[in-house]
Structure formats: structure tokens, C-alpha cells
Amino acid sequence: SNVLFFSLLIFFIIGILDDLFDLTATSRLIVQLIVSYFIWANDISISVIDISWLNLDPSYIILPKYISMIFTLLWIVGLTNAINWIDGLDGLAAGVCSIFLIGLLFIGLRFWDNQLIIMTSGLLGGTLGFLKNNFYPAKIYLGDSGSYLLGIMVAILSLISFKPNYPVLEFHLNILFFLVPILDMIIVIISRLKAGISPFLADRSHFHYRLLSLGISHRRTVIILYLLNIFTSSYVFKLMQN
């Protein structure tokens with residue numbers, strides 16, 4: 001849809017402006033929240049959550065409108081920035097997003113969702129082609145423009161993928177699928193707040209920097225994080241087949 005296209009374009013433009021002029025974290029966040037609101041208003045949202053895995057009755061929860069909006073905005077902005085934050089080593093963000101896209105493509109093929117298959121395979125071709133020259137030692141880089149675009153695409157696709165019984169979203173699977181970047185973001189924010197610094201201030205508390213500080217090589221660190229993300233996405237696919 002036009003809203004989707006313009007949303008992706010605005011996230012990409014924010015990234016370019018940040019790459020060129022180093023925008024403040026607050027200004028980036030405000031624009032991202034506004035754009036995410038329009039995505040939510042156009043029915044790409046977290047509105048009905050599947051809780052059948054808890055063996056309760058009823059098997060789903062219908063969220064009030066404002067709660068649905070808050071959840072959706074947090075998910076889109078949070079996941080986009082989580083992807084942006086892992087873009088600290090050559091090939092890491094592009095490779096991890098490729099893994100996510102392969103997982104989402106399998107989900108699309110399982111439910112034979114043509115829209116999902118076309119979008120994920122097209123984006124996957126782009127990330128794998130990019131990764132060829134982005135893996136360590138990198139010749140090209142994503143920059144904030146690339147990582148924001150990948151982040152928002154993956155966030156939107158995830159809200160489409162985990163709805164085999166539309167509009168019921170299997171949100172627990174969504175969280176599990178992206179567990180590694182989500183955990184990284186939560187741990188980084190907590191460690192920064194504990195240290196009394198801004199959550200948006202760059203430091204070396206990310207998983208990838210911690211692995212490097214243990215003496216693990218750049219290339220091996222990236223591969224370890226690939227494997228962790230392959231494990232979570234494969235496990236989710238297994239749960240969806242049960």
C-alpha cells in the first residue's frame with residue numbers, strides 16, 4: 001500500500017539524514033513514532049493476541065484500541081532500533097536480517113501467503129547480495145539508512161507473518177523469533193540506565209562487543225550471533241508446525 005511505501009521511505013530518509021548530519025535521538029524517535037502510528041492506523045497492528053499456548057479460555061485477547069496502538073508502536077520502533085543497534089560489526093545486521101527473512105519466507109511458504117513470499121524473497125535477495133561485500137572485512141556498509149530500512153521491513157513483515165488466523169497474532173512466537181536482538185536491546189538499556197547515562201548514548205555493552213572483549217575474533221563473533229538467531233527462528237518454525 002501507499003502508506004507502507006511512504007513509511008519505509010521516511011524511515012530510510014531519517015537514516016540518510018542521521019548518516020549525514022547526526023540527528024538527535026529524540027528527533028529520530030519522534031518521527032519513527034509518528035510513522036508507526038500511520039502504519040497502525042492502516043491495520044498492520046497488534047490488535048488480537050493468541051494465548052492458546054497458556055491453555056486458557058478464551059484462546060485470544062482482544063486489545064483495547066489505545067493498548068493496541070501502544071503495543072504496535074513499541075514493536076515497530078523497538079525492533080527497528082534493535083536492528084540498528086546490532087549494526088556494529090561487519091556483516092552482522094545484514095546477515096541476521098537475512099536469517100530472519102529466510103525464516104519469514106518459510107512461514108510464507110507454509111501458509112502459501114503470496115504477499116509474504118514476494119516481499120520476503122525480494123528483500124532477502126537484496127540482503128544476501130549486499131552481505132557478499134558487507135561481511136568482514138567489509139567494502140560497503142549499511143549506515144543508519146540501510147539498518148532502519150531493514151529494521152522497519154522486518155518489523156512490518158513480522159506483524160503479517162505471525163497471523164495464520166487473521167487478525168489473531170501469535171505474539172509469543174514473534175518475541176521468541178527476534179529474541180536475540182530484543183534481549184540485546186533490553187540489556188543495553190538497563191546497563192546504560194544503571195550507569196546513569198542516556199539509553200541512546202553509544203557504548204560497548206552490546207552482545208557483539210562483549211564477545212569481542214572475550215578475545216573472540218570479529219568473524220567468529222558474527223558467526224556465533226548468526227547461529228543464535230538461526231536457533232531461535234528454527235525453534236519458532238518448529239513450534240508453528242506442531
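Quick caveat, the model's predicted, so the values are computed rather than measured.
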Next on the checklist: Please give me the minimum heavy-atom distance between Ser98 and Leu124, naming the atom from each residue.
Outcome noted: O-CD1, 3.5 Å
Checklist entry - Side-chain donor-acceptor pair under 3.5 Å between Ser158 and Ser161, yes or no? => result no
Checklist entry - Quick one: do Val48 and Ile39 end up in the same hydrophobic cluster if we chain Ile, Leu, Val, Met, Phe, Trp and Tyr together by side-chain heavy atoms under 4.5 Å apart? => result no
Checklist outcome for this item: In this structure, CG of Asn81 is separated from CE of Met185 (nearest 0.5 Å) by 5.0 Å
Checklist entry - If Ile, Leu, Val, Met, Phe, Trp and Tyr residues are connected whenever their side-chain heavy atoms lie under 4.5 Å apart, and connections chain through other members, are Leu239 and Phe231 in the same group? => result no
Next on the checklist: Are Trp75 and Leu169 packed together at the side-chain level, in the sense that at least one heavy-atom pair is separated by less than 4.5 angstrom?
Outcome noted: no
Item to check | Value rounded to 0.5 Å, distance of OG1 in Thr72 from CD1 in Ile46 | outcome: 4.5 Å
Checklist outcome for this item: Note: His206 and Arg192 closest approach over all heavy atoms is NE2-NH2, 3.5 Å
Item to check | Common cluster, Tyr66/Leu159, ILVMFWY with side-chain heavy-atom separation under 4.5 Å | outcome: yes
Next on the checklist: Tell me whether Phe38 at atom CZ has more than 12 heavy atoms from other residues, nucleotides or ligands lying less than 6.0 Å away.
Outcome noted: no
Checklist entry - Do you know which two heavy atoms are closest between Ala94 and Asn134, and how far apart they sit? => result CB-OD1, 3.7 Å
Checklist entry - Are the side chains of Ser27 and Thr24 in touch, meaning some heavy atoms are under 4.5 Å apart? => result yes
Next on the checklist: Any heavy-atom pair between the side chains of Leu29 and Thr26 that's under 4.5 Å?
Outcome noted: no
Checklist entry - Would Ile224 and Phe207 count as a side chain to side chain contact (heavy atoms under 4.5 Å, CB included) if you check the C-alpha gap in whole Å, the side-chain angles of each, and the deciding distance to 0.1 Å? => result CA-CA 10 Å; Ile224 288 167; Phe207 287 163; over 6 Å; no
Checklist entry - What class does the angle between the rings of Phe237 and Phe106 fall in, given that below 30° is parallel, 30 to 60° is tilted and above 60° is perpendicular? => result tilted
Checklist entry - Phe6 and Leu9: side chain to side chain contact (heavy atoms under 4.5 Å, CB included), yes or no, with the steps? => result CA-CA 5 Å; Phe6 283 114; Leu9 186 62; 4.3 Å; yes
Checklist entry - Between the side chain of His218 and the main-chain N/O of Leu89, is any donor-acceptor distance below 3.5 Å? => result no
Checklist entry - Do Tyr141 and Phe135 belong to the same hydrophobic cluster, where Ile, Leu, Val, Met, Phe, Trp and Tyr are linked whenever their side-chain heavy atoms lie under 4.5 Å apart, directly or via other members? => result no
Next on the checklist: Taking the ring of Phe71 and the ring of Trp40, is the distance between their centroids below 6.0 Å?
Outcome noted: no
Next on the checklist: Please say yes or no: joined through hydrophobic side-chain contacts below 4.5 Å, possibly via intermediate residues, are Leu214 and Ile187 part of one cluster?
Outcome noted: yes
Item to check | Close side-chain approach of Phe11 to Ile13, heavy-atom, < 4.5 Å | outcome: no
Checklist entry - Does some side-chain heavy atom of Ile156 sit less than 4.5 Å from a side-chain heavy atom of Leu4? => result yes
Checklist entry - Between OG of Ser191 and CD1 of Ile197, what distance do you get to the nearest 0.5 Å? => result 7.0 Å
Next on the checklist: Using side-chain heavy atoms (C-beta onward) and a distance below 4.5 Å, is Leu116 in contact with Phe111?
Outcome noted: no
Checklist entry - Do Asn133 side-chain atoms and Ile140 backbone N/O form a donor-acceptor pair below 3.5 Å? => result no
Checklist entry - Is the Lys NZ or Arg CZ of Arg204 less than 6.0 Å from the centre of Trp85's six-membered ring, within 45° of the axis? => result no
Checklist entry - Do the side chains of Ile152 and Ile76 get nearer than 4.5 Å, heavy atoms only? => result yes
Item to check | From CG (Asn174) to CG (Asp50), nearest 0.5 Å | outcome: 11.5 Å
Checklist entry - Counting only heavy atoms not in Tyr226, do more than 12 fall under 6.0 Å of its OH? => result yes
Checklist entry - Under the 3.5 angstrom rule, does the side chain of Ser233 hit a backbone N or O of Asn229 as a donor-acceptor pair? => result yes
Next on the checklist: Quick check: closest heavy atoms across Pro181 and Ala82, and the distance to 0.1 Å?
Outcome noted: O-CB, 3.8 Å
Item to check | For Asp87 against Ser147, the heavy-atom pair lying closest together | outcome: OD2-CB, 4.1 Å
Next on the checklist: Test your reading of the model: is there a side-chain donor-acceptor pair from Asp184 to the backbone of Val180, 3.5 Å cut-off?
Outcome noted: no
Item to check | N/O donor-acceptor pair under 3.5 Å between Arg28 side chain and Ile14 backbone | outcome: no
Checklist entry - Which is it for Leu176 and Tyr235 under the side chain to side chain contact (heavy atoms under 4.5 Å, CB included) test, yes or no, and what are the steps along the way? => result CA-CA 9 Å; Leu176 193 55; Tyr235 183 61; 3.6 Å; yes
Checklist entry - Distance from Leu105 atom CG to Thr120 atom OG1, nearest 0.5 Å? => result 4.0 Å
Item to check | Derivation and outcome, side chain to side chain contact (heavy atoms under 4.5 Å, CB included), residues Ile10 and Val31 | outcome: CA-CA 8 Å; Ile10 292 166; Val31 178; 3.8 Å; yes
Checklist entry - Are the aromatic ring centres of Phe177 and Phe100 under 6.0 angstrom apart? => result yes
Checklist entry - Do any N or O atoms from the side chain of Arg220 and from the backbone of Leu212 form a donor-acceptor pair under 3.5 angstrom? => result no
Item to check | Side-chain heavy-atom pair Arg110, Met240 within 4.5 angstrom cut-off | outcome: yes
Checklist entry - In Å, rounded to the nearest 0.5 Å, how long is the span from CG of Leu128 to OG of Ser121? => result 11.0 Å
Next on the checklist: I'd like to know if the side chain of Asp18 and the backbone of Leu23 have a donor-acceptor N/O pair within less than 3.5 Å.
Outcome noted: yes
Item to check | Donor-acceptor contact present, side-chain Asp19 to main-chain Gly143, <3.5 Å | outcome: no
Next on the checklist: Please check: side-chain N/O of Asn84 versus main-chain N/O of Thr80, any donor-acceptor pairing under 3.5 Å?
Outcome noted: no
Next on the checklist: So which atom in Val77 and which in Ser36 form the shortest heavy-atom distance, rounded to 0.1 Å?
Outcome noted: CG2-OG, 3.4 Å
